[in-house]
There are 2 protein chains.
Amino acid sequence: MPRSEVPLDDIDHDLLAVLQRDADQTLSALGERVGLSPSAVQRRITRLKKHGVIARTVVELAPEATSDLILAVCVVTLDRESNERHERFQQRLLDAPEVQQIYMVSGDWDYVVVFATHGMAHHNEVTGRLLSDAPNVRRYTTLFVLKPVRTGNALPTRRAESG
Amino acid sequence: MPRSEVPLDDIDHDLLAVLQRDADQTLSALGERVGLSPSAVQRRITRLKKHGVIARTVVELAPEATSDLILAVCVVTLDRESNERHERFQQRLLDAPEVQQIYMVSGDWDYVVVFATHGMAHHNEVTGRLLSDAPNVRRYTTLFVLKPVRTGNALPTRRAESG
DNA sequence: CGCGGCATGCAAAAATCTTGCGCTTCGGTG
DNA sequence: CACCGAAGCGCAAGATTTTTGCATGCCGCG
């Protein structure tokens, strides 16, 4: 339930910074980091979840531990800019588990899409189906990832943090 | 401790798929989904963590709940391709909390970098410091994100999943 | 056919999470 | 200046969940 505006104080910012790096800690451990009792931490987390600041908790896999992993960034331009075509394109991508991220962007390209597949055959199959064979894709280019230097979705909730 | 090869059976794949979407469940709930007792689930998770398949557990924030959020994808090419320069460039990016993702890629560009900042002023400050003023950046282009259609880092551990 | 190795379920024990309660702080109000 | 209500905290009891020891069942191998 994303409320319009949720006021966050310094402790909330600290807490979110910590949780975005490691959410696998007890409330006591978190409390020590932010200087609060376990129950206070818990109440804040509950509030942040209820207000939709915290969207979800997930596990991240090590890319190098996933066999034959191929990551690729594709930039895509659609044929025509009708809303309906965009909807269809997005939906098709959303339905594919190999599509890790989708960003609609400004400029020469319409979308940036990140694919995660197993082996080149799989990659070709997926991008072929979702991009090459798509009726409204005008053009796309693939940038193969040689090394995922950093992955993650941490968002800075404030300017610089310390801990 | 990433071991060389960790054999994963069907239940492991199911478990990882579930955990990558929602890690905020009790062992019993997870057990129901994958058809195992709580303790068995727990032992599998422990094993996956120890072997480095599961890298970490994190909280994801809702982009729309983060005020003034600006996401941008920058593609970057360095001046010279020496190893040392790459190291330095990567390290500088790694030190910035506003840098969400860094991919070294093949082709015309060397890197794809995703920035998350608060407001255009912040964005300019960060990209200015890390890209424009960087001594070894030859050229870069920014694709501003109009809409984050999908975010996340879920990796498919096997071909298609059902649940 | 018998012997480990391995993963499981069960249940007890340990730890963590959850919640009620009283207290303090902070503003707004009479 | 005193009073009142909202909000957030710590503490502690109670509810759940996690953790672990143990016996069992299932292969694969000698």
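Below, chain A is the first sequence line, B the second, and so on; all start at residue 1.
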Could you tell me which residues satisfy side chain to side chain donor-acceptor pair (under 3.5 Å) with B:Asp9, sequence neighbours excluded, listed by chain and number? B:Arg44
What donor-acceptor contacts under 3.5 angstrom involve side-chain atoms of residues 138-151 of chain A, with partners at least two apart or in another chain?
| unit_1 | atom_1 | unit_2 | atom_2 | d |
| --- | --- | --- | --- | --- |
| A:Arg138 | NH2 | A:Asp79 | O | 3.1 |
| A:Tyr140 | OH | A:Ser132 | OG | 2.9 |
| A:Lys147 | NZ | B:Gln90 | OE1 | 3.1 |
| A:Arg150 | NH1 | B:Leu94 | O | 3.0 |

Among all residues two or more places apart in sequence or in another chain, which pass the side chain to side chain donor-acceptor pair (under 3.5 Å) test with B:Arg88? B:Glu84
Those residues at least two apart in sequence (or on a different chain) that pass side-chain contact (heavy atoms from CB on, under 4.5 Å) with A:Gln100 are A:Leu71, A:Val114, A:Ala116, B:Tyr103, B:Asn153, B:Leu155
By side-chain contact (heavy atoms from CB on, under 4.5 Å) - contacts of B:Asp95 (at least two apart): B:Gln91
Sub-4.0 Å heavy-atom contacts from residues 53-62 of chain B onto DNA chain C, ordered by number: none
How does protein contact run along nucleotides 6-11 of chain C, one letter per nucleotide 5' to 3', with B for base contact, S for sugar-phosphate only, - for none, heavy atoms under 4.0 Å? -SBBB-
Which pairs, with at least one residue in residues 52-63 of chain B and sequence neighbours excluded, count as a salt bridge (Lys or Arg N to Asp or Glu O under 4.0 Å)? A:Arg56-B:Glu60, A:Glu60-B:Arg56
For A:Ser67, the side-chain contact (heavy atoms from CB on, under 4.5 Å) test, sequence neighbours excluded, returns none
Who passes side-chain contact (heavy atoms from CB on, under 4.5 Å) against B:Ala29, sequence neighbours left out? B:Gln25, B:Thr26
Using the 3.5 Å cut-off, write out each protein N or O paired with an N or O of nucleotides 27-29 of chain D and the distance between them.
none

Not counting sequence neighbours, list each pair that qualifies as a ring-ring contact (aromatic ring centres under 6.0 Å, His included) and has a residue in residues 81-101 of chain B. B:His86-B:Tyr111, B:Phe89-B:Tyr111
